[in-house]
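Below, chains carry the letters A, B, ... as their sequence lines are ordered, and counting in each starts from 1.
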Amino acid sequence: MITLNHYLILAAILFCIGFYGAIAKKNAVAVLMGIELMLNSVNINLVAFNRFLSPGEMTGQIFAIMVIVVAAAEVAVGLALVLNIYRQRLTTDVNDLDWLKW
Amino acid sequence: MINLAWLVPVLPAIAFVIIIFLTRRLQMVSALTSILAMAGSFIISLGIVFEVLAGPVTMDNPVELSARWLEVPGSVFIQAGVLIDPLSAVMLFVVTFIALLVMIYSIGYMKGEPGYSTFFAYLSLFSCSMLGLVVSNNYFQIFMFWELVGLCSYLLIGFYYHKDSASQANKKAFITNRYGDFGFMLGMFFLFLLFGTFNFRELAAVIPSYTNEALLTVVALLIFVGPIAKSAQFPLHVWLPDAMEGPTPVSALIHAATMVAAGVYLLARGFVLFESATTALIIIALIGGFSSIFAASIGLVQRDIKRILAFSTMSQLGYMVMAIGLGSITAGMFHLTTHAFFKALLFLGAGSVIHAVHTQDIFEMGGLSKKMKVTTWTFIIGSLALAGIFPLAGFWSKDEILLTAANAGEYFGIPILGPIFLILGLSVAFMTAFYMFRLIFVTFFGEEQPGSHAHESPAVMTVPLIILSVFAIFSGFIGTPFTPNGFAEWVYYGEPHHPHPNYGIMIMSTVVALAGIWLAWLIYGKRAISAEMLANRFSTIHRILYNKYYIDEIYLWLFDRVMLGIADACRWCDRKIVDGIADGFGDGIRAMGARMRFIQTGNMQNYALVIFVAVVIIALVLAVPVLGGI
Amino acid sequence: MGDFPILLTIVLAPVIGALVILFIPEKDERLIKITAAIATFVSLVLSVYAYLVYDKTAGGFQFTQDFVWVERFGINLSLGVDGMSLPLVLLTAIVIFTGVFASWDMHSRVKEFFIFLLVLVAGVFGVFVSRDLFWFYLFFEVAVLPMYILIGVWGSTRKEYAAMKLTLYLLVGSAFALIGIIALYVYAKAQLGFGTFDIMTLGTVEFDEAFQKFAFFLMMIGFGFLVPMWPLHTWSPDGHVAAPTAVSMLHAGVLMKLGGYGLIRAGVFLFPLGAKYWAPLIAVLCIVNVVYGARVAMVQKDLKFVIGYSSVSHMGYVLLGIASLNYMSLDGAVAQMFAHGIMTALFFALVGNVYHKAHTREIAAFGGLAHQMPRVASGFLIGGLASLGLPGLNNFVAEALIFLGSWQVEKVLFGWLHFRVLSILAIFGVVITAIYVLRVVQRVFFGPRNPKWDHLTDARGVEMVPIVILIGVLVLFGIFPSLLIDTINVGVGPLVAKISAAAEIGGVF
Amino acid sequence: MQIQLADFALMMPEIATAVLALGLLVVGLVVPKEQSKGIGYLTVAGLTGIWLFNFLYWNEDAALFGGIYLVDSYTVFFRFLFLTAAVIVALASRDYVARLERNQGEFYALLVAATLGMMLLAGAGDLITLYMGLELMTITFVILVGYQKAEAKSAEAGVKYVVLGAMSSAVLLYGLSLVFGFTGTTFINDMVATLSSGNWSPLLLLGIVFMIAGFGFKVSAVPFHMWSPDIYEGSPTPVTAFLAVASKAAGLAAFVRIFMIALPELQAYWMSIVIVLTAITVVVGNLIAIPQSNIKRMLAFSSVAQAGYILFGLVAFSSLGVGAMLFHSILYVFANIGAFGVAIAVKNATGSDEIKDYSGLAQTSPFLAAVMLLCLLSLAGIPPVAGFVSKFYLFLAVIEKGMVWLAFVGIGMSMVSVYYYLIVAKAMYLGTPKEAAKPISVSAGTQIALVICMVAVILFGVYPTPLLNAAMEVGYSFFPF
């Protein structure tokens, strides 16, 4: 029997994977993808909660859809910026993005 | 006239203000202002003296006028007051009289000096302070004027401020006196603590019934520290010889006749306290006696005319202090009075000499008797008076002191004290006679210096000399054992003690004084004994005496090494430790900031990691209590 | 004058002066200076008027005015002066008025200088006339920042370091005081049921012992920075030295007094128990102030440093007066604040005069200046004499009262150190003071004429204004101390009543 | 869920803002480039209109659309705050934007859109609205931050902000999802009911931790502040000003609403964390600000520290605390934008943000120097300027709760902050101007903005009463304990 906890654990693992990707990947695009994974784990959470705790309502699903929409916008902006920086510096390695520091 | 007593100090003060603000450019006007004011004070003082002599005002029944000066409700009430009794009346007369003469003398002496007006202003200020001191009815006021006379002394010693020696000397005088004032202040505060008042008469009413004699002794000795400095007693005497850097009239007025006597006056004024503390009294007598012989011995070998007189002054002050220490304010005050006249005379005479020869080294003078007759003869009169030759003033007052000394054993109930003080007094008398006549033989009768253009001083200077020599001769008669209703009936403590003539002591003192004169004549007049030979034979003693027992050097060493050493240590501590810690604190914070900025690596994945780690840590911290409970 | 807002005008006159100066072109230096002089003169006249009119028989706060400010928190702009603050208001007025004249020879960025100076002084006035702790604090802080710029721009000798140090020290000190004030407010609110910063209302609250100890400690540290209490003092000599003349005058003359005043007002008055508890510590530290400050002054090479450290030493007397906690000593403490303010302002005016002309303050470089500058020399000597406590000058009265007061204290610290020993050490301070003051006078002004300084001109004209006024005040209150002390008595009286009403508790030692 | 027309009426300011944003976008496209100057003024006029309009809602207290949006005095207060900030920034950025080779309409449209996002964030009654507002704000800011795409620093800041912003959103969302899951509702006002039963899962605490991290990121509380200095430094200065002031306030608005309204029951758990974070924030922000040589970066760290001070209000957990926090936030708007406004002017004239290039500013441009000085003083909390008064109440609130040590930390660190602010003052007043330095000319718009800031900073410092009363009323009605 798959319970809420399974979903939660799955989401947690996904979140961690996403997070790992975000902090370990060198390519800015990959980093953005990691973040997408984190957002997706949230979506799993939301939907699972909705399903198991208050199946009569749609709150969780709506929330998840909102998240998906916003994530798309976010990534769109993010990719544009990454593209822009690539034009300037001919790299998307996030380790090189450290002109602003200290 | 007594009701006008408050005017006595105020008149010179007015003169001071007028000169400072109005007449600095008009030299003669300044001088006359000063003298007029002083004359006014003198006349009032004279009136007071006559009134006191005639009227019901006695030591036990003084006149007191006072006004509220400073008050803290329930805590302290300080008066500005005037206390007139024979003691202060005599003192008023002495001070105003000598001040007046010195001012007149200064017209001639200071002629052509820059700062002529200022000089008179200072003299007026001094007179004001000194007279204020004399009429004070409480310790607090006396302390204030006590410091003010010190200030005037400072200003006048440093009158030739362009001379380094003068500016050093006045600093030394002031600071040395500060040490004395420090003790005085402590003693005064103790008195206030114990009795709640500064007023002399109120204190006199309560002190005798106070039982803790040990404490009283401490208080008395603390107060005595003031006179030690002011009256140049050992060990705070070092300033007086140096004070001779001032113009000579100043030395006459301040450092011979009046201000230095203030210490003696204070002892007399507050005698009720000292009398209640016998131990203190003995110590006072010892210090006085020691100072007097100490100074006299130094005076034996000095070369500077004013310094010889200065050590003589110190010695005589020691005499007076000793007298009071031995319980007789009559003797002390009597000697103070006569001494004021003849020592002022001597200083003014010395001034006249210096005015003529422009040097102060007696061995650079010589044979002046032919050129300066008035000066010479008045000087000799003064010296005889000082040496205590019958029947001059000094003889009678010294006799009174020796009489007191002889009675010391009886007074304290310690028999040995009598002979000790008597011998001490006689030795001083001997030395005094010796060094005074050494001075006279060398200065006035020795060989004339080649190229000397010495000449007699103008009348404005010699007339005061003559007046003073009259007093030097006759003033002693107010207090001889043969004078009815004399000094002892006016100024006394407790009951008047009319002295009975003690011919033994009179003869002894005369013999000793004559012996001193004779010895001086042998060495310096007749040259029967070579001074150089003596100096060589006793070279160590001579050197020690000539260098004033090296006291100055010891003090200098103490100041340089100890005082400045501590000061340097404090400065070091302030800069390195106190400031160092504060700056270090600031630097530390800055350094922390400078280090911490590198947390900000610029790599956003690091930032993300920090967020993650923080979340984990917080979660763990929260988890411990929560999960622990499950 | 009826309901004329005297105190408000005293505070605002400099501000208005500053605003007027804002619209005067930079070039017109004379007009700027005259404006500043007029503005401060208004304050001075009103201060003198208030001082004379103040009803000593009625006592308490007079010329009061209240403006509701933040009703919700009980903050009112309440002005008023009592016998304690009135002399200090007068002091401020005198010092700033003379300070303006002492800066008459200022020629760089004059406009800004006077704007900042006037703002600064408005803050100082504000502190002394506030009856509300919030405003008290606010006004104090107003005074701090202009000081930074004044020292930093127009100063000398390590000015940037000194300015920063001074500002930070003062602010750190005020931080303690601020916490104390807030804690006091919170505590009193719980007791009274309503919040208030009014000093008299707060004075009626019975604070418990533990709180008093805590709060007084904060006040002690906070205002101790200002006074300055050893070892929190090092900002002050540095600041004095670096500051331009008028600022030194105001800084040493008045600003340090804010500390003493605050300690009495917000410390002793509100927390008598706390004061009794901490008094021994203050007493010990103030002796260090007195003796150590004087010692350090003795070996300084810069004229202003000598005066700077002498201030440290003299403010030690104020602390001693406070630590002794009796009528005479507190009277003396207030009087000493007044007297020291005048005296030190005089010093700085004179040193500024010399420095402006000679461009050095090195003691060793001088000698015989009395030949070229007799008036300055006399002024300096009088200042020096005041400093060493010569009778006839104001400082003597103050110091004597402090000594007399501290002499009465029968406390034994550490089980062996009698309070009187501390008094003795403090009194010995006057000896050391004499040493360093006379040393400086002698080395700078006496001695043979030095032709190197023949180009120096003596003080004259406008330069004489501060010298004459300040000396006049010193002498006036020195000869007739009742003029000052009677007023102070009225202010200190209630305070003493409160102290004696408080229970006796053992001290910190 | 009942949707009523009246609800729309209460949301008119938000709607108007949205319309304004879109309108500006359109106008920017339509108007020829030469005349595009007017767009800035149009923005200002529009925002000012909405600002005035907002007065109508002062005493409202309503839950719209079944509670997903709340119009209470808290919301209205924050509307004022954001609009004020937006107006001043719009005024101050006129010069700056005019130099850009881009469509000016876009910039202002984004600015207004960000304002809208903040207003939504402050008024959000449930988590979804909250998230929408948050993202509207974040995404528009991402674009604004990277707006000068040709400039390396701006571009880098843009990337960093989008990555870190998205990540923080994800973290926050994860927390929100857990909270939603274990309270069963997304409505902030309803959560209390669930929690007060005392029956809640420990995992809820995990959600709270994530929320703290997410909001901490928005208000830039240490250690979630790491992004802010880099982004502040890299962004166009007007954006930095707006970001530092308004975005922070918006994050705070939501943070406080959730934690004080929804989660008071769990105070025992999250409060200690917040206290520690607050203290660390104040300390670290101030310390790292000391060695900075770039004024924007220095102000960035100072604003980190300011976040700490603002959080004092939350720590105090009382109506006084909330009031003081609101009061401080709005005064912070003036002070910070004033300071950045001067930075904009100086940057325009000299092309530099380095503090050493401010040398002698007091002599060349006394007005700019005075504004800068007063604003920095206000940030430092030195009377008589406004910052002192508000900090005073924050400390009061904290001490009232018995946390004297925290007040000590706060005040002590204020003194540290004085040090680095004075470094700027030192350059301006003590330094000497360069040879060639000329007075900096600023446009009327910037001047007005600076005058507004200066007047506000002085006025509210000396006579804070009306504003303070307003803030306190909001505080008391929002959290009447």
Next on the checklist: Go through it in stages, so that I can follow the logic: the residues are D/F388 and C/F139, the test is ring-ring contact (aromatic ring centres under 6.0 Å, His included), and I'd like the CA-CA distance, side-chain angles, deciding distance and then a yes or no.
Outcome noted: CA-CA 12 Å; D/F388 164 70; C/F139 276 126; over 10 Å; no

Checklist entry - Would you say the side-chain atoms of C/W69 pair up with the backbone N or O of D/V462, donor to acceptor, closer than 3.5 Å? => result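 Checked: pair present.
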
Given heavy-atom pairs under 4.5 angstrom as the criterion, report whether the side chain, backbone, both or neither of [X] touches chain D.
X      : result
C/Y169 : neither
C/E112 : side chain
C/I179 : both
C/W154 : neither
C/I115 : neither
C/F116 : side chain

Next on the checklist: Can you tell me which of C/T167, C/I149, C/I181, C/L77 forms the most heavy-atom pairs within a distance under 4.5 Å of chain D?
Outcome noted: C/I149

Next on the checklist: Checking D/Q363 against C/E26 for the side chain to side chain contact (heavy atoms under 4.5 Å, CB included) test, could you report, in this order, the C-alpha distance in whole Å, the side-chain angles of both residues, the deciding distance, and whether it holds?
Outcome noted: CA-CA 11 Å; D/Q363 287 170 69; C/E26 170 91 47; over 6 Å; no

Checklist entry - Looking at D/V418, D/N469, D/V404, which one has more heavy-atom pairs under 4.5 Å with chain C than the rest? => result D/N469

Proximal component of [X], with respect to chain C [non-hydrogen, under 4.5 Å]:
X      : value
D/Y476 : side chain
D/V398 : neither
D/F392 : both

Atom pair [atom1] ([X]) and [atom2] ([Y]), whose distance is rounded to the nearest 0.5 Å:
X      : Y      : atom1 : atom2 : answer
C/K189 : D/E400 : NZ    : CD    : 5.0 Å
D/K426 : C/K159 : NZ    : NZ    : 11.0 Å
C/L178 : D/I411 : CG    : CD1   : 4.0 Å
C/R72  : D/L468 : CZ    : CG    : 7.0 Å

Item to check | Aromatic ring proximity D/Y429/C/Y148, centre distance under 6.0 Å | outcome: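 Here the rings of C/Y148 and D/Y429 have centres that are no less than 6.0 Å from each other.
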
Checklist entry - Considering all heavy atoms of both residues, which atom of C/L168 and which atom of D/M415 are nearest to each other, and what is their separation? => result CD2-O, 3.5 Å

Item to check | Within-4.5 Å side-chain heavy-atom neighbours: C/L145 and D/L373 | outcome: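 C/L145 reaches D/L373 side chain to side chain.
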
Item to check | Minimum side-chain heavy-atom gap C/F73-D/T465 below 4.5 Å | outcome: no

Next on the checklist: side chain to side chain contact (heavy atoms under 4.5 Å, CB included) for C/E160 and D/L430? Distances and angles first, verdict last.
Outcome noted: CA-CA 8 Å; C/E160 294 185 4; D/L430 278 53; 3.7 Å; yes

Checklist entry - Would C/V70 and D/Y393 count as a side chain to side chain contact (heavy atoms under 4.5 Å, CB included) if you check the C-alpha gap in whole Å, the side-chain angles of each, and the deciding distance to 0.1 Å? => result CA-CA 12 Å; C/V70 183; D/Y393 294 108; 4.0 Å; yes

Next on the checklist: I'd like to know whether D/I399 forms a side chain to side chain contact (heavy atoms under 4.5 Å, CB included) with C/Y185, so could you lay out the CA-CA distance, the side-chain angles of the two residues, the decisive distance to 0.1 Å, and finally the verdict.
Outcome noted: CA-CA 10 Å; D/I399 289 179; C/Y185 171 84; over 6 Å; no

